[in-house]
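Only one structure is covered here, and it is reproduced in the block below.
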Amino acid sequence: MAITSVVGLQWGDEAKGKIVDLLTDEHEIVVRYQGGNNAGHTVKFDGQTYKLSLLPTGILRPGVTAVIGNGVVVNPEALLKEIGTLRSQGVKVEGNLLLSDRAHVILPYHVAEDLAAERSQKKDAIGTTGRGIGYCYRDKAGRSQAVRVADLYHPESLKQRLSGIVDSKNHVLSALDPEFKPFSSDEIFALTQQYAETLKPFVADTVAWLHKAIGAGKNILFEGAQGSLLDVDHGTYPFVTSSNSSAAGIHPGSGVPERLIEQMIGVVKAYTTRVGGGPFPTELNNEIGQHIRDVGREYGTVTGRPRRCGWFDAVAAGHGAKICGVDCISLMLLDVLSQLDELKICEAYEIHGERTTDFPAHVEDLAAAKPIYRIIPGWKTEISHMTRLADLPTGARKYIDTVGELMGKQVKIVSVGPDRAQTILG
């Protein structure tokens with residue numbers, strides 16, 4: 001039995017989907033354990049592009065079971081739309097997908113709360129995707145107003161509970177927005193029953209199912225969404241997501257003990273990006289940043305929002321590596337940097353006059369951080385066709401070695417293009 005995890009070490013969008021897709025050949029089960037339809041993967045192979053949000057990347061492989069774990073918050077409408085898109089692309093979903101009966105359900109009022117709160121925050125807005133993710137997690141923590149997948153199949157008690165929940169939500173939303181049109185609890189209930197019917201073939205006790213699979217010696221791959229710097233406990237709080245997007249989320253989000261994981265692969269881009277608000281020490285608000293954005297096609301898989309771009313930050317990514325306990329590094333999108341004359345890697349911060357390689361807890365300290373750079377000559381050579389580390393130009397090799405040195409972990413995978421074949425294994 002082999003149990004492996006792929007986790008992003010930056011602010012998400014590290015191209016984890018490609019690595020998961022590559023590793024799926026060696027695994028029979030792929031598990032998503034946190035987040036919602038605010039996260040996305042783009043996977044390309046055989047001339048086809050697949051955009052995934054809730055569905056684990058393993059769904060693209062025949063014979064692989066894709067599991068949406070209990071730590072994921074699920075918008076049924078978004079999930080069903082994604083399933084329909086994959087079906088239209090020839091992907092078989094039936095029999096290959098399991099949805100945890102313990103997963104929490106995003107309902108229309110969560111989206112309304114999210115949008116209303118972001119509008120009211122104005123300049124202090126966190127920069128959410130407006131999909132109700134955080135408000136569903138808030139209800140999960142608050143318990144009394146939460147709805148889980150299992151609740152959809154207990155209609156009498158659910159209908160009674162929704163009456164009180166919707167009344168409470170309407171009261172709050174009316175206070176936030178005078179033009180708000182109240183939700184009908186009967187309509188919300190009817191919607192849940194439609195979801196119950198269409199989702200029924202996929203719903204299972206995934207915790208019990210996964211433990212049986214472990215007992216049978218199945219190979220399992222855990223697929224992280226977003227990135228470790230967005231972790232609600234260890235990221236750039238409050239500019240984070242609402243779940244543990246680091247490896248810390250694996251056990252609570254799946255029911256599988258993290259101690260069973262044999263290999264933890266940390267994924268980083270060869271540069272840094274982030275979406276939404278929050279400090280970003282190496283951000284490039286200039287023509288180089290725009291060049292990286294254009295060449296790397298740095299626009300959100302889910303939202304289409306342009307991503308903020310900057311130099312590789314080994315302090316931030318190193319923090320992600322520490323809290324996740326990674327064994328090795330996968331360096332993605334190296335080809336994006338091929339046209340630049342010189343490159344910079346942040347090896348330390350100067351904060352209030354002191355040099356440090358520790359990632360600060362408070363956003364004000366991070367905002368004050370001045371990056372200390374190591375400069376590496378560019379290679380000005382197309383590398384997307386290269387298949388061995390030995391083939392890479394000197395500058396690219398130096399860049400890879402420097403990332404590994406500063407993060408204290410060996411770079412074992414290098415991506416030089418979006419296609420599955422454009423991958424160098426070290």
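A donor and an acceptor atom, one from each side chain of Asp21 and Tyr50, are nowhere located under 3.5 Å apart. Residues Ser415 and Lys18 bring a donor and an acceptor atom of their side chains to less than 3.5 Å of each other. If you check the side chains of Ser245 and Gln226, you find no donor sitting under 3.5 Å from an acceptor. Side chains of Ser246 and Asp231: a donor-acceptor N/O pair is present below 3.5 angstrom, by distance only. Checking Gln290 against Asp294 by side-chain atom types alone, a donor-acceptor pair falls below 3.5 Å. Side-chain contact annotation: Ser338 with Lys380, donor-acceptor N/O pair under 3.5 Å absent. Between the side chains of His319 and Asp358, no donor-acceptor pair is found at a separation under 3.5 Å.
Taking 4.5 Å as the limit, some side-chain heavy atom of Leu98 sits within range of a side-chain heavy atom of Thr65. The side-chain heavy atoms of Lys169 and Glu113, taken from C-beta on, include a pair separated by under 4.5 Å. Put simply, the side chain of Ile29 reaches to within 4.5 Å of the side chain of Leu210, judged on heavy atoms.
Residue Arg374 holds its CZ atom at 14.5 Å from NZ of Lys344, rounded to the nearest 0.5 Å.
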Practice prompt. Begin from the C-alpha positions of Gln410 and Ile329 and carry the test side-chain contact (heavy atoms from CB on, under 4.5 Å) through to its verdict.
Written response: CA-CA 6 Å; Gln410 185 179 356; Ile329 301 296; over 6 Å; no

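Of the possible polar contacts, one joining the Asp327 side chain to the Met264 backbone as a donor-acceptor pair under 3.5 Å is found.
Among residues two or more places apart in sequence or in another chain, the ring pair (Phe, Tyr, Trp, His ring centres under 6.0 Å) test is passed with Phe180 by Phe183.
The environment of Arg355 atom CZ is dense: over 12 non-hydrogen atoms of other residues, nucleotides or ligands sit within 6.0 angstrom.
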Which pairs would a plain distance check flag for residues 2-11, meaning a side-chain donor or acceptor within less than 3.5 Å of a matching protein atom at least two apart in sequence or in another chain?
residue : atom : partner : partner atom : Å
Thr4    : OG1  : His27   : NE2          : 3.1
Gln10   : OE1  : Lys269  : N            : 2.7
Gln10   : NE2  : Tyr271  : O            : 3.0
Trp11   : NE1  : Thr236  : OG1          : 3.2

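Tyr135 and His110 have their aromatic ring centers separated by at least 6.0 angstrom.
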